Amino acid sequence: MPGCAQGRGRLVFEGFYKVRFQLGDAVGRSVMHAGNGKMLGGNSAFAHIGTYEKTDDGVDIVIKTVRHNPDPNYRAMAGTDDATLLAKGRADGDLYRFKGELKELPGVPFQSVMTPITEDEVPIAGGVGEGGIADGLYSIHLRMLDGVDGGLTGVMLLNHGRILGGDASFYYLGSYTAANGRWKGQILNQEHTPAKDDPIFGGHEVGIGFSGSYDAEQAVLEATALAGKRSLRLTAALKLMHRA
């Protein structure tokens, strides 16, 4: 079950998190889901795909970055789009703190803080029928319609009727139904870090209802979003980056 739960005297690592990370003096943010030994997440330009192993004193992780947004304004912190993180983490209350380094930049310190998005925020999964959309981590590129300038890029994890995703400023929670090449669902877009430069989604909880189509490697959707008092139409393209 996605969502981080705290038992008596024991913290469960599996769950959905917002992440703040730092490489040397550079700071970035993302979202991340941990479950079944896999870590899948990302932000506005990069997908983060990796594995974790629990140890006696914490968690060891190996995570690779894969660019999904070609916009050169989003620069790779490591100086290369393909980088591999090796890090060790420990629980700190409800948080997990990691320290390590990138294979490509030995000696440059990496650290991150993973903060859980609580389980009671995660929606009930929808139903997935015959020929349902593939579970996995997708890139999502969203653009506004009707002459409205704006959009978002990020990642979205589809998992048995449940949506978990986000980018450097927002996280997405939702559910969907899918069968025979068609899908529909609902998403709630919320800030995990203030998005002061986003005039459409910043400062709002944005409800989105969508429908669309899919095949084995990609999906498209059209949607209506309610941002404050504004009703907006949008479209989005999803591309499968890693099967769950």
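Note that the structure is a prediction, hence the values are computed from the model and not measured.
- A salt bridge links Arg90 with Asp57; the closest basic N to acidic carboxylate O contact falls under 4.0 Å.
- Looking at heavy atoms from C-beta onward, Ile63 lies out of side-chain contact with Thr84 at the 4.5 angstrom threshold.
- Look at Arg243 and Glu217 and you find a salt bridge, because one of the NZ, NE, NH1 or NH2 atoms lies within 4.0 Å of a carboxylate O, short of that distance.
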- Task: Apply the test side chain to side chain contact (heavy atoms under 4.5 Å, CB included) to residues Arg20 and Val27: give CA-CA distance (whole Å), side-chain angles for both, the deciding distance (0.1 Å), then the verdict.
- Result: CA-CA 7 Å; Arg20 181 188 186 277; Val27 175; 3.7 Å; yes
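- Between Leu23 and Val108, the closest side-chain pair of non-hydrogen atoms falls below 4.5 Å.
- Contact of the Gln186 side chain with the Ser175 side chain is registered, since non-hydrogen atoms from C-beta on lie closer than 4.5 Å.
- No donor-acceptor pair under 3.5 Å is formed between the side chain of Asn189 and the backbone N or O of Val206.
- Proximity of a side-chain donor or acceptor of Gln190 to a complementary backbone N or O of Tyr171 within less than 3.5 Å is not detected.
- Checked by atom type and distance alone, the side chain of His68 never pairs as donor or acceptor with a backbone atom of His141 at under 3.5 Å.
- Between the side chain of Tyr214 and the main chain of Ala179, a donor-acceptor pair closer than 3.5 Å is present.
- Side chain of His192 to backbone of Gly166: no donor-acceptor contact under 3.5 angstrom is found.
- Panel note: side chain Tyr17, backbone Pro116; no donor-acceptor pair is recorded below 3.5 Å.
- Side-chain contact check for Val66 versus Met241: some heavy-atom pair is nearer than 4.5 Å.
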So Phe16 and Val31, side chain to side chain contact (heavy atoms under 4.5 Å, CB included) or not? Walk me through it. CA-CA 8 Å; Phe16 186 44; Val31 295; 4.0 Å; yes
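- Leu86 has its side chain out of reach of Glu101: every pair of non-hydrogen atoms, C-beta onward, lies at least 4.5 Å apart.
- Asn69 and Thr153 share a side-chain donor-acceptor pair at under 3.5 Å.
- Closest non-hydrogen pair, Gly154 versus Asp167, comes out as CA-CB, 4.1 Å.
- Remark: the backbone N or O of Asn73 is paired with a side-chain donor or acceptor of Asp71 at under 3.5 angstrom.
- The closest side-chain heavy-atom distance from Phe98 to Met114 is below 4.5 Å.
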- [ ] Just do the side chain to side chain contact (heavy atoms under 4.5 Å, CB included) check on His160 and Asp135 with the steps written out, would you?
- [x] CA-CA 7 Å; His160 300 296; Asp135 288 341; 3.1 Å; yes
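- Taking the side chain as every heavy atom from C-beta outward, Leu188 and Tyr172 never approach each other to under 4.5 Å.
- Ala78 and Ala83 make their closest contact through CB-CB, 4.0 Å (heavy atoms, listed as atom of the first residue, atom of the second, distance).
- Judged by distance alone, the side chain of Ser139 and the main-chain N or O of Ala47 form no donor-acceptor pair under 3.5 Å.
- Between Ser30 and Phe21, the closest heavy-atom pair is OG-CE2, 3.7 Å.
- Between the side chain of Ser213 and the main chain of Trp183, no donor-acceptor pair closer than 3.5 Å is present.
- Using modelled atom types, one side-chain atom of Arg67 and one backbone atom of Tyr74 make a donor-acceptor pair closer than 3.5 Å.
- Nearest approach of Glu191 to Phe170, heavy atoms of both residues: CG-CE2, 3.5 Å.
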